[in-house]
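Small disclaimer: the values here were computed from a predicted structure and weren't measured. Excluded from the calculations below are hydrogen atoms, water molecules and symmetry mates; all remaining heavy atoms, backbone and side chain alike, are included.
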Amino acid sequence: MTRLDFLLVLRSLGKIKQLKTLKIFLPPMDWSLSEFWEVKEELIKLKEQGIRIESYAQEGGLGTLLLMSASNERSADKEAEFHIQLPSAESSFYGGLLKHLGVEVEAYASGPYKSFAETFTRTGFSKEAKKNIEDLILDLQNIILDALTEKGKFKKETFYKPILTAESLKEAGFLDSIRSEKEFFPEEEKALSPNHSYLIQRIEDFKFVSKRKKNIAILPLEGGISSGEYSGKEREAGKIEAYPTISLLKELKEDKNVHVVVLEINSPGGSAFHSELIHREISELKKEKPVFVYFKDTAASGGYYIASAAETITSSPVCITGSIGAVMVRANLKKLYNKAKVQKETVGFYPFREILSEYTPLKKESVGFLQKEIARIESQFYARVSEGRKIPLDQLKTKWGGGRVYLPKTENKIVDSLGGILDVLQTIKNNFPKDKFMISYELPEYNFRSEIPFLKGFGLKQMMKTFLPKEILFLKEMSERPLYYSNIKINWNNRKN
């Protein structure tokens, strides 16, 4: 079962009229913030449909409490501990150390908020960068605290403590009861067979995964953006390599079974040139079939660059985005070499050649050249975003550019909507009401391990309890016999094989 399978199961539970109560066991989980948030929102939708949500945990972290916040009733073990860390920053600056070692780092940035290079050039954030990052962190803290406190029902100071016990959470009013797992799942509750035909029918009939052959291809793009091998087709997990990605985008464009493409982006950016190449290929793909984007935890700099080519962008509300701008970093090691008694002598140097040297100081003309390059790249980035997102260029530069980072908002057109991957699929369904789609995941090599174990942290074997007339049925040990047989097709790097 993939992450998407799991989300589809959750949403399909709302179609079961007899379902009155959903019980959730929450062991430790290593999901990202956006994944916790997405599941929390699906639980809230079930609760709004009149299904009672009961949750139980023995330990966990911030994400566990976010899921519990979506419940009607919350329970924990007597000795439960929750280790909490709200979004914050404690950045390291190596400018002083590098200078002491004899390493001089030169940075050329397109705006005062493009703070990446400050780690290597300064002993602290610049005033502008610090204010921008503070605003981002406070916005992220507030959206999380609003969820945890139910917009003020509980004191937000409760969640400032790094360790919270069951007793402290009950005293704060967040927990309803302290009890054992056996008390939460009493033995007298009967086990519901995974073959319960009515439930399976409801889940398998979920229209997003109809077996009719029109295909929605979901392409995860995760990691930093780099070139990759020009002739290579294999994508590596945790990297967005331009040439293998472009090769796959071309295949998706030519595949007549693929009618819609969804790009699931989680990237802090990377090479501006290779971001442009991917952007160009997405633009070509969009001429043939609709391209939708979903932002997970981060879609900044180059991650936003490539997304701006798509038709629409849906973002997790807790995604960090923006950073529209450019930066170059160059290290001068001459003083370090001198300390080590290493001498270098230039031979055959020509104008601007010292830019490629880690030893020779830059001349005035070379500094001017690099500044012009930064301005060129910045201008190209602005043009792509302005054209793709329909944001006036002057507004983009003054309000959302300069390297600023922020949470996504629809009112400034940075994204079109806030939600999860299922909301993207719902938008596609709304746009094509007469069509039924098959879903395929276009996974890079070795990524299967990162997608399939998504369920290991949600206790699906002990998650559902339904109240039917005159009888209580409880789904138990679902991991032994899967309730849901995936209709999601997994495609590896080489799709044709």
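Between the side chains of Glu373 and Tyr108, not a single donor N or O lies within less than 3.5 Å of an accepting N or O. Side-chain contact of Thr360 with Lys334: a donor-acceptor pair under 3.5 Å is absent, judged by distance alone. Under 3.5 Å, the side chains of Tyr243 and Glu229 contain no donor-acceptor pair of N or O atoms. Side chain to side chain, Ser55 and Ser71 meet the donor-acceptor criterion of an N or O pair below 3.5 Å. A side-chain N or O of Ser366 and one of Glu354 form a donor-acceptor pair less than 3.5 Å apart. In the model, Glu118 has a side-chain atom that pairs as donor or acceptor with a side-chain atom of Ser126 under 3.5 Å. Between the side chains of Ser301 and Lys114, at least one donor-acceptor pair of N or O atoms lies under 3.5 Å. A donor-acceptor contact closer than 3.5 angstrom is absent between the side chains of Asp423 and Thr314.
The aromatic rings of Trp31 and Phe36 sit tilted, their planes meeting at an angle between 30° and 60°.
More than 12 heavy atoms of other shown residues, nucleotides or ligands fall within 6.0 angstrom of atom OH in Tyr359. Remark: Gln85 CD is loosely packed, at most 12 non-hydrogen atoms of other residues, nucleotides or ligands lying under 6.0 Å away. In Lys47, the NZ atom is crowded: over 12 heavy atoms of neighbouring residues, nucleotides or ligands sit closer than 6.0 Å. Counting non-hydrogen atoms of other residues, nucleotides and ligands closer than 6.0 Å to NZ of Lys344 gives a total above 12. Environment of CD in Glu150: crowded, with over 12 heavy atoms of neighbouring residues, nucleotides or ligands closer than 6.0 Å.
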Only distances under 3.5 Å count here; give the side-chain donor-acceptor pairs of residues 88-107 to other protein atoms, sequence neighbours excluded, each with its distance to 0.1 Å.
residue : atom : partner : partner atom : Å
Ser88   : OG   : Leu86   : O            : 3.4
Glu104  : OE2  : Lys335  : NZ           : 2.7
Glu106  : OE1  : Arg330  : NH1          : 3.1

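One finds no salt bridge joining Glu288 and Lys253 here, because no Lys/Arg side-chain nitrogen approaches an Asp/Glu carboxylate oxygen to under 4.0 Å. At a threshold of 4.0 Å, the pair Lys390-Asp416 does not count as salt-bridged, since none of the basic side-chain nitrogens sits closer than that to a carboxylate oxygen. At a threshold of 4.0 Å, the pair Asp146-Lys156 does not count as salt-bridged, since none of the basic side-chain nitrogens sits closer than that to a carboxylate oxygen. Salt-bridge check for Glu38 with Arg3: passed, with a basic side-chain N closer than 4.0 Å to an acidic carboxylate O. Salt bridge status for Arg384 with Glu276: present, with a side-chain N to carboxylate O gap under 4.0 Å. Using a cut-off of 4.0 Å between Lys/Arg side-chain N and Asp/Glu carboxylate O, Glu241 and Arg235 are scored as not salt-bridged.
From Ser110, atom OG reaches atom CZ of Arg376 across 13.0 Å, with rounding to the nearest 0.5 Å. Here the CD1-SG distance, from Ile313 to Cys319, works out to 10.0 Å after rounding to the nearest 0.5 Å. Phe432 CZ to Ile216 CD1: the interatomic distance, rounded to the nearest 0.5 Å, is 9.0 Å. Here Leu67 contributes atom CG and Leu43 contributes atom CG; the two are 6.5 Å apart, rounded to the nearest 0.5 Å. Interatomic distance, CG of Leu285 versus NZ of Lys289, reported as 6.5 Å (0.5 Å rounding). Expressed to the nearest 0.5 Å, how far CG of Leu140 lies from CG of Leu33 amounts to 6.0 Å.
Ser323 and Phe381 get closest at one heavy-atom pair: O-CE1, 4.0 Å. When all heavy atoms are compared, the tightest approach of Leu252 to Ala217 is CD2-CB, 3.9 Å. Heavy atoms only, all atoms of each residue included: Gly14 and Gln49 are closest at O-NE2, 3.3 Å. In plain terms, the two heavy atoms of Ser275 and Gly302 that are nearest each other are OG-CA, 3.6 Å. Residues Leu370 and Met328 share a closest heavy-atom pair of CD2-SD, 4.0 Å. For the pair Pro268 and Thr298, the tightest heavy-atom approach, listed with the atom from each and the gap, is CA-CG2, 3.9 Å.
In this structure a side-chain-to-backbone donor-acceptor pair under 3.5 Å is missing from Ser386 to Tyr382. Judged purely by atom type and a 3.5 angstrom limit, Asp255 has no side-chain atom pairing as donor or acceptor with the backbone of Glu251. Judged by distance alone, with hydrogens and angles left aside, the side-chain atoms of Arg389 form no donor-acceptor pair with the main-chain N or O of Ile391 at under 3.5 Å.
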Legend entry - Working for side-chain contact (heavy atoms from CB on, under 4.5 Å), residues Val329 and Thr121: CA-CA 9 Å; Val329 177; Thr121 60; 5.9 Å; no
Inset, instruction - Report the C-alpha distance between Tyr305 and Ile324 in whole Å, list the side-chain angles of each, state the deciding distance to 0.1 Å, and finish with yes or no for side-chain contact (heavy atoms from CB on, under 4.5 Å). - result: CA-CA 8 Å; Tyr305 194 132; Ile324 300 171; over 6 Å; no
Inset, instruction - Apply side-chain contact (heavy atoms from CB on, under 4.5 Å) to the pair Leu248 and Glu442, showing each step before the final yes or no. - result: CA-CA 9 Å; Leu248 178 55; Glu442 308 293 333; 4.1 Å; yes
Legend entry - Step-by-step side-chain contact (heavy atoms from CB on, under 4.5 Å) determination, Leu221 to Thr245: CA-CA 9 Å; Leu221 296 175; Thr245 300; 3.9 Å; yes
Inset, instruction - Check the pair Lys296, Glu35 against salt bridge (charged side-chain N to carboxylate O under 4.0 Å, His left out), reporting the backbone distance first and the verdict last. - result: CA-CA 8 Å; Lys296 287 187 71 179; Glu35 289 170 340; 3.0 Å; yes
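For Phe174 and Phe159, the ring centers sit closer than 6.0 Å to each other.
Tested against Leu277, the residues Ile282, Ile306, Ile246 include a single side-chain contact (heavy atoms from CB on, under 4.5 Å) partner, Ile246. The one candidate from Arg280, Lys286, Lys287 that meets the salt bridge (charged side-chain N to carboxylate O under 4.0 Å, His left out) condition with Glu284 is Lys287. With respect to Asp297, the side-chain hydrogen bond (donor to acceptor under 3.5 Å, both in side chains) criterion is satisfied by exactly one of Ser32, Ser267, Ser316: Ser32.
Screening residues 132-141 for side chain to side chain donor-acceptor pair (under 3.5 Å), with sequence neighbours left out, gives Lys131-Asp135.
For Arg353 and Phe349, the positive end sits near the middle of the six-membered ring, less than 6.0 Å away and at most 45° from its axis.
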